[in-house]
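By convention in this document, chain letters (A, B, ...) are assigned in the order of the sequence lines, proteins followed by strands, and residues within each chain are numbered from 1.
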2 protein chains.
Amino acid sequence: MTNDSELSGKHNLLTPFDYTLTVLGGKWKMKIMYQIACQKVLRYGELKRSILGITHKVLSSQLKELEESGIIKRVEYSQTPLKVEYSLTPKGKTLMPILEDMCKWGLQYLPDEQRIINNIRNE
Amino acid sequence: MTNDSELSGKHNLLTPFDYTLTVLGGKWKMKIMYQIACQKVLRYGELKRSILGITHKVLSSQLKELEESGIIKRVEYSQTPLKVEYSLTPKGKTLMPILEDMCKWGLQYLPDEQRIINNIRNE
DNA sequence: CCGCATCCAATTTGATACTG
DNA sequence: CAGTATCAAATTGGATGCGG
């Protein structure tokens with residue numbers, strides 16, 4: 001670790017851009033947010049099934065970090081069996097335009113050979 | 001590897017959103033792009049000095065990937081000592097609005113305690 | 001100066017089992 | 001059902017040296 005945290009001490013100070021990267025960073029956070037946003041509310045298991053390839057451990061740790069960043073809200077219903085629902089917070093919703101722009105950009109630039117969904121209503 | 005690539009075969013097919021994540025993904029690519037965009041053109045060494053904490057190995061591998069994705073352009077001048085300049089391609093420039101929005105979002109939501117630059121022309 | 005290759009350490013991830 | 005803990009496996013990261 002030879003980076004910023006050395007310069008800025010224990011409370012690691014960040015530039016605004018780095019803060020956003022911290023909140024959204026990693027391989028899965030944006031995909032998780034995207035899924036939650038699409039469905040408004042999702043239970044843990046539904047979320048897991050909707051994101052191909054993510055593992056139990058990774059999903060739960062990333063959900064926890066997103067919650068700590070104030071991006072998603074976790075509501076636990078004390079039933080048996082347990083039920084937990086995730087949704088975006090207002091703060092989280094303010095990030096959606098960025099994710100949508102990323103999606104639009106991908107639509108424009110994704111090479112056809114790699115496209116997985118190209119036959120939806122092409123007439 | 002229990003993910004998409006299994007489902008989609010060797011040419012790993014992607015959704016548009018995943019494509020964007022692939023292009024921009026990782027800890028450093030967006031920061032690299034951001035630096036290049038700010039200066040229009042940067043030599044390798046300048047770039048390295050401008051990004052705190054990045055190592056030689058990581059910077060060069062990420063630059064290569066960005067080049068392969070068509071986001072940055074690499075121009076090599078056959079001098080001794082060697083000189084290489086990096087700049088954004090037109091495709092790369094189309095991503096800048098997204099990076100700028102991320103920066104703006106960070107400005108709004110970065111908690112004051114973590115802010116590293118908060119005294120620039122506050123009157 | 002730039003960037004690839006190597007070697008080894010550190011971090012992340014996956015599979016599995018366990019708790020409330 | 002949701003989440004944590006553990007441990008091995010895989011991936012990434014840093015330091016260094018070589019060659020164009």
Does A/Tyr86 have a side-chain nitrogen or oxygen under 4.0 Å from the phosphate oxygens OP1 or OP2 of D/dC1?
-> no

Mark yes or no for whether A/Thr89, through its side chain, and A/Ile71, through its backbone, hold a donor-acceptor pair below 3.5 Å.
-> yes

D/dT4 phosphate, OP1 or OP2, under 4.0 Å from A/Lys64 side-chain N/O = yes

Just how far is it from atom CE of B/Met96 to atom CG of B/Asp101, taken to the nearest 0.5 Å?
-> 10.5 Å

Shortest non-hydrogen pair, A/Thr20 vs B/Trp105, comes out as OG1-CE3, 3.5 Å

From the options C/dC1, C/dG3, D/dC1, select the nucleotide whose nearest atom is closest to the side chain of A/Pro81.
-> D/dC1

Would you indicate, yes or no, if D/dA2 has its OP1 or OP2 atom less than 4.0 angstrom from a side-chain nitrogen or oxygen of A/Arg74?
-> no

Would you say a side-chain N or O of B/Tyr77 is under 4.0 Å from OP1 or OP2 of D/dG20?
-> no

To the nearest Å, how far apart are B/Lys48 NZ and D/dG13 P?
-> 14 Å

Whole-Å gap separating C1' (D/dG14) and CG (B/Leu52) = 17 Å

Establish whether the base of C/dC4 is bridged to the side chain of B/His56 by a donor-acceptor pair shorter than 3.5 Å.
-> yes

Please report, rounded to the nearest Å, how far the P atom of D/dT4 is from the CD atom of A/Glu76.
-> 10 Å

Can you tell me the distance, in whole Å, between the CG atom of A/Leu82 and the P atom of D/dA2?
-> 7 Å

salt_bridge(A/Lys73, A/Glu67) N-O dist < 4.0 Å | no

Check whether any side-chain N or O of B/Arg43 sits under 4.0 Å from OP1 or OP2 of C/dC1, and answer yes or no.
-> no

Separation of atom CD in A/Glu85 from atom C1' in D/dG3, rounded to whole Å | 17 Å

Side-chain N or O of A/Thr55 closer than 4.0 Å to phosphate OP1/OP2 of C/dG14 = yes

State, to 0.1 Å, how close A/Lys48 and A/Thr55 come at their nearest heavy-atom pair, and which atoms those are.
-> CE-C, 4.0 Å

Protein-nucleotide distance (A/Gln79, atom CD; D/dA2, atom C1'), rounded to Å | 12 Å

Gap between atoms CD and C1', on A/Glu46 and D/dG3 respectively (whole Å) | 17 Å

To the nearest angstrom, the NZ-P distance between B/Lys57 and D/dC18 comes to 17 Å

